[in-house]
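Since the structure comes first, as structure tokens, the remarks are kept for the end.
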Protein chains: 2
Amino acid sequence: MRYRKIPDETVRRLPVYLRCLLFASEQGQENISSRNLAELVGVNSWQIRKDFSYFGDFGTRGVGYNVKKLAAQIKKILKIAVVQKAALVGVGNIGSALLAYSGFGKYGLDIAVAFDISPKKIGRKVEKVVIEDVASLLKIKKRKIKLGIIAVPEQAAQETADKLVKAGIKGILNFSPRYIAVPKKVKVITIDIAMYLASLPYYMTAI
Amino acid sequence: MRYRKIPDETVRRLPVYLRCLLFASEQGQENISSRNLAELVGVNSWQIRKDFSYFGDFGTRGVGYNVKKLAAQIKKILKIAVVQKAALVGVGNIGSALLAYSGFGKYGLDIAVAFDISPKKIGRKVEKVVIEDVASLLKIKKRKIKLGIIAVPEQAAQETADKLVKAGIKGILNFSPRYIAVPKKVKVITIDIAMYLASLPYYMTAI
DNA sequence: CAGTGTGAACAGTTTCACAGCA
DNA sequence: TGCTGTGAAACTGTTCACACTG
């Protein structure tokens with residue numbers, strides 16, 4: 001197949017594969033078959049082989065995939081082989097939880113700066129990061145930070161997005177329950193937590 | 001078209017539509033056109049008309065949709081017209097943030113009970129909910145709670161899922177970065193926060 | 001011979017264009 | 001005239017079966 005456009009769905013699954021590969025690696029596994037990985041991930045083995053086929057020949061027939069090589073390859077594709085720094089805006093409940101969350105490291109992600117508007121919070125240290133005044137957000141331009149996380153109240157979401165774009169951010173993870181408009185070259189992923197919970201009842205069997 | 005199977009993607013979008021309709025309603029809007037709603041949501045107008053067409057005739061040609069009626073209809077379809085109670089397991093950083101999060105109410109969702117394993121936390125009151133011992137999880141069966149939220153460390157995720165299933169839960173929102181295996185009749189949605197952030201760099205333009 | 005890589009068939013989703021109704 | 005509702009076309013993603021290889 002070698003070199004077609006990579007489906008979005010495949011890209012979405014790559015971090016999941018990566019997570020499971022790192023897990024397998026921790027367990028001391030050196031090689032892993034598509035079927036083996038499939039169990040860990042919760043998809044079919046052919047889905048996995050198809051997904052990997054978009055990038056070239058990763059595996060060895062009869063053996064499987066080399067866990068470490070594959071993990072490194074996926075990191076490279078996702079552009080997280082070198083640590084990506086992120087700026088957090090809004091250190092409320094969700095923001096604080098994100099700062100305390102230890103799961104970013106293994107994906108090569110690091111929340112390097114945090115901003116808030118409340119004078120009460122500015123200057124405080126939360127998990128190795130000192131909260132700064134949101135008025136000084138533009139300084140991230142100098143630090144070449146390309147990832148932004150929005151965890152402010154929804155009324156302030158669009159305004160915060162505008163500021164982040166002005167500061168040179170290229171990707172935004174939005175935790176506010178609002179659609180935010182940005183220039184085409186900026187990628188936004190919105191996680192509306194309540195929304196996910198809201199779609200569950202539909203799928204729940206009656207009995 | 002009237003009565004085919006509703007696409008999963010449409011179901012996924014319904015809570016987003018609902019959110020925007022409630023917003024429009026707050027603003028005092030009585031009717032809304034598909035184009036109008038499309039702007040609020042961030043999709044195309046024909047997508048919206050198509051989605052609604054799966055359920056019957058909601059709109060009035062030349063006028064648009066009645067905001068309140070449509071919102072009520074969507075709630076009914078999603079089975080959140082009557083308040084759905086949820087049980088939270090794990091009151092750490094993420095769990096606490098969820099308890100404090102005010103966004104559930106408008107979707108007819110309510111975190112009615114919370115459990116933790118730490119004796120330090122048991123008995124404490126967080127946002128109107130008293131944290132209970134996870135050993136007594138089974139009591140939710142009597143209270144007919146059908147929704148579970150997993151916010152425990154990943155090593156305990158599967159075990160927690162098993163307990164929730166045993167307690168009669170029908171839908172699980174999983175915040176741990178692990179695939180969890182459950183009987184087919186139970187629906188699981190996994191939100192691995194770091195994962196979403198990890199897929200952003202791939203889409204970020206180089207310049 | 002176990003396990004990858006992939007064309008082809010299939011399934012699901014989005015886009016389009018326009019008929020039809022208030 | 002303005003906006004909905006929808007079949008048909010285009011597109012995207014998944015499943016399958018199997019040729020091929022270490």
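Chain letters run A, B, ... following the sequence lines, proteins first and then strands; every chain starts at 1.
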May I ask you to verify if any side-chain N or O of [X] is less than 4.0 angstrom from the OP1 or OP2 atom of [N]?
| X | N | value |
| --- | --- | --- |
| A/Ser33 | C/dG3 | no |
| B/Ser34 | D/dC3 | no |
| B/Tyr65 | D/dG5 | yes |

Exercise for review: Determine whether the aromatic ring centres of B/Phe52 and B/Phe55 lie less than 6.0 Å apart.
Suggested key: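 They do not qualify: ring centres at least 6.0 Å apart.
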Check your understanding: Would a line drawn from the ring center of A/Phe104 to the ring center of A/Tyr101 be shorter than 6.0 Å?
Key ->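 Between A/Tyr101 and A/Phe104, which both carry aromatic rings, the centre distance is below 6.0 Å.
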Quickly work out the [X] [atom1] to [N] [atom2] distance and round it to whole Å.
| X | N | atom1 | atom2 | value |
| --- | --- | --- | --- | --- |
| A/Phe58 | C/dG5 | CZ | C1' | 13 Å |
| A/Tyr54 | C/dT4 | OH | P | 17 Å |
| B/Asp8 | D/dG13 | CG | C1' | 13 Å |
| B/Glu39 | D/dC3 | CD | C1' | 15 Å |
| A/Leu37 | C/dG3 | CG | P | 14 Å |
| A/Arg35 | C/dC1 | CZ | C1' | 14 Å |
| A/Asn66 | C/dG3 | CG | C1' | 15 Å |
| B/Leu70 | D/dC3 | CG | C1' | 15 Å |

Check your understanding: Salt bridge or not for B/Arg143 and B/Glu132, using N-O below 4.0 Å?
Key ->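 Looking at B/Glu132 together with B/Arg143, the answer is no, because their closest N to O distance does not fall below 4.0 Å.
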Check your understanding: Which part of the nucleic acid does A/Arg12 contact within heavy-atom distance under 4.0 Å: base, sugar-phosphate only, or nothing?
Key ->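 Since no nucleic acid heavy atom lies under 4.0 Å of A/Arg12, the category is nothing.
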Practice item. For B/Ser45, answer base if it contacts any base atom (sugar-phosphate contacts may also be present), sugar-phosphate if it contacts only those atoms, and nothing otherwise; contact means non-hydrogen atoms under 4.0 Å. Key: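 It contacts nothing in the nucleic acid.
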**Study point:** Option among A/Ile191, A/Ile180, A/Asp192 that satisfies the side chain to side chain contact (heavy atoms under 4.5 Å, CB included) test with A/Asn174
**Key:**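 Single side chain to side chain contact (heavy atoms under 4.5 Å, CB included) partner of A/Asn174 among A/Ile191, A/Ile180, A/Asp192: A/Ile180.
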Exercise for review: Carefully, step by step, assess B/Lys106 and A/Glu154 under the rule salt bridge (Lys or Arg N to Asp or Glu O under 4.0 Å).
Suggested key: CA-CA 14 Å; B/Lys106 69 177 160 193; A/Glu154 57 173 316; 3.6 Å; yes
[options]: which one has an atom nearest the side-chain heavy atoms of [X]?
| X | options | value |
| --- | --- | --- |
| A/Pro7 | D/dG5, D/dG13, C/dT13 | D/dG13 |
| B/Gln47 | D/dG5, C/dT15, D/dG13 | C/dT15 |
| B/Ser53 | D/dT6, D/dT14, C/dT13 | D/dT6 |

Check your understanding: Can you give one letter per nucleotide of nucleotides 16-22 of chain D, 5' to 3': B if a protein heavy atom sits under 4.0 Å from the base, S if only from the sugar-phosphate, - if neither?
Key -> SB--BBS
Review point. With side chains defined as the heavy atoms from C-beta onward, is the minimum distance between B/Leu37 and B/Leu21 less than 4.5 Å?
Key: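 Answer yes - side chains close enough.
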Check your understanding: Strictly by modelled atom types, are B/Tyr17 and B/Asp51 linked by a side-chain donor-acceptor pair under 3.5 Å?
Key ->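 On atom types as modelled, these side chains qualify, holding a pair under 3.5 Å.
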